[in-house]
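Encoded as structure tokens, the structure appears first; notes follow it.
These figures come from a predicted structure and were not determined experimentally.
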Amino acid sequence: MTVSTQQVTRPDATELHVGRLGDAKVRVSLDPYLSVLALTTDALGGRRRGAPESWRRRIRSAVSPAQAQAVWPLVAPGHSVTPDCVSPLSPIFETSVDEQIERLRDLSPDELLADLDGVFGRSGPPPHWRTVARQPRHWLRAYASATSQVWAAMRPVWRDARPLLDREVARVGAAAMRGRLDVILGGIHPSSRFEDGVLKIRDPEPARFDLAGRPLVLVPMVSGGDALICSLDRPDAVWLGYPLPGAGRLFRGEPAQEGGNALELLLGPVRAQVLTAVSRPVTMGELATLTRLTPSAVTYHCERLAAAGLVRRERHGREVRVSLTPRAERLTELFDA
């Protein structure tokens, strides 16, 4: 499993070759364990991934120093691979966090050592996992307890996020029905790109994988906006844990809301607003005025829309003009129909 991402340059990217999206079996799983894992590593492991400081403080106050120390092997700088025992049992079936914790507590030291050998091979575990290998029972107890405490602290946030999670299920479903899953994958994370059937994810330990007929399971996480956790080498499925769109409302203590038109469900409200505003070619300054966004926010969202093949940006003298691509025109026609 990969607990990612690192801010590294483009050549250091793991590639998932999806192929024809029309042939892929894409599912959505509302598995809270990945959210707990993302928030745990954000708050306790020093791998900042955009969670609000109020959440980080809540998590830090809930765990002991020994429990916090157990998280460090998961976030060692320059590494992203972790043993399978840290992975969810199966995001396909939405296993509860309590079941995940019991699994960790029931795991024997010998099973953990075999897991480390299976993941890291003959060369043995890297330095940050060797302490775990020397005291496997101690680490299993500490890590399971840390996970239990974090879940107890963050369970109310997961409950409050339910309308946003349901909205995300509808968004992915709308994209699948309209043949626009490329839009979902193209905007799944700020540090990823989906081009020509290949999802590229920034990773300090890059590798290449093929979907090869396995289901692709999308797992929205109640987490910081830079969190990404994935497993690409399981024989039963590939899964991607990515930031839940709209979670900023939870950061600000605002109630999650359902609703929104079909284009908003697909792109999210801000990018749908930007795309709608580009009904004719406009400059970046005009777009900021039309959407009431800051110039930096307009630039960011245009970059994501451009990566999804929905807008093009062209320089004319000192101005940059934004216009819809043919793909975007077809997409907006579909949703207007």
For [X] and [Y], work out which heavy atoms get closest and say how close.
X	Y	answer
G241	L228	O-CD1, 3.1 Å
V274	T291	CA-CG2, 4.1 Å
A38	A227	CB-CB, 4.1 Å
L185	L199	O-CD1, 3.8 Å
T82	V119	O-CG1, 4.0 Å
V63	Q149	CG1-CB, 3.9 Å

Please tell me whether [X] and [Y] have a donor and an acceptor in their side chains that are separated by less than 3.5 angstrom.
X	Y	answer
Y143	Q69	no
R234	S231	no
E303	H301	no
S108	E111	yes

Original post:
In terms of hydrophobic clustering (I, L, V, M, F, W, Y; side-chain heavy atoms under 4.5 Å; direct or indirect links), are V198 and V238 co-clustered?
Top reply: no
Original post:
Is it the case that one hydrophobic cluster holds both L287 and Y300, taking links as side-chain heavy atoms less than 4.5 Å apart, direct or via other members?
Top reply: no
Non-hydrogen side-chain atoms of [X] and [Y] separated by less than 4.5 Å:
X	Y	value
L232	L240	yes
R167	R162	no
L112	V132	yes

Subject >> Candidate pair E314 and V320, rule side chain to side chain contact (heavy atoms under 4.5 Å, CB included), full reasoning >> reply: CA-CA 5 Å; E314 298 174 328; V320 175; over 6 Å; no
Working to the nearest 0.5 Å, report the span between [atom1] of [X] and [atom2] of [Y].
X	Y	atom1	atom2	result
L116	C85	CG	SG	7.0 Å
R60	Q67	CZ	CD	15.0 Å
S191	R49	OG	CZ	8.0 Å
W151	Q100	CH2	CD	11.0 Å
D98	Y33	CG	OH	12.5 Å
I229	Y242	CD1	OH	13.5 Å

**OP:** Determine, step by step, whether R180 and D182 satisfy the salt bridge (Lys or Arg N to Asp or Glu O under 4.0 Å) criterion, reporting the C-alpha distance in whole Å, the side-chain angles of both residues, the deciding distance to 0.1 Å, and the verdict.
**Re:** CA-CA 5 Å; R180 293 269 59 105; D182 57 324; 3.0 Å; yes
Would a distance-only check, ignoring hydrogens and angles, find a side-chain to backbone donor-acceptor pair under 3.5 Å from [X] to [Y]?
X	Y	value
W139	A70	yes
S35	D31	no
R155	A152	no
R105	L140	no
D115	D84	yes

**OP:** Could you go through the salt bridge (Lys or Arg N to Asp or Glu O under 4.0 Å) check for R58 and E53 one step at a time?
**Re:** CA-CA 9 Å; R58 186 188 304 186; E53 189 56 35; over 6 Å; no
Original post:
Do K25 and D23 pass the salt bridge (Lys or Arg N to Asp or Glu O under 4.0 Å) test, and can you show the C-alpha distance, the side-chain angles, and the key distance before you say yes or no?
Top reply: CA-CA 7 Å; K25 302 173 184 176; D23 298 332; over 6 Å; no
**OP:** Determine, stepwise, if the pair S96 / E99 fulfils side chain to side chain donor-acceptor pair (under 3.5 Å).
**Re:** CA-CA 5 Å; S96 72; E99 288 178 271; 3.2 Å; yes
Contacts of [X] that satisfy side-chain hydrogen bond (donor to acceptor under 3.5 Å, both in side chains) - sequence neighbours left out:
X	result
D117	none
T276	none
S123	none

Original post:
Which class fits the ring pair F120 and W129: parallel under 30°, tilted 30 to 60°, perpendicular over 60°?
Top reply: tilted
Original post:
F194 and side-chain contact (heavy atoms from CB on, under 4.5 Å): which partner among I201, L16, L21?
Top reply: L21
Subject >> Whether over 12 other heavy atoms sit under 6.0 Å from D106 CG >> reply: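 Yes.
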**OP:** Might you work through the salt bridge (Lys or Arg N to Asp or Glu O under 4.0 Å) test for D42 and R56, ending with a clear yes or no?
**Re:** CA-CA 7 Å; D42 190 316; R56 291 166 52 80; 2.6 Å; yes
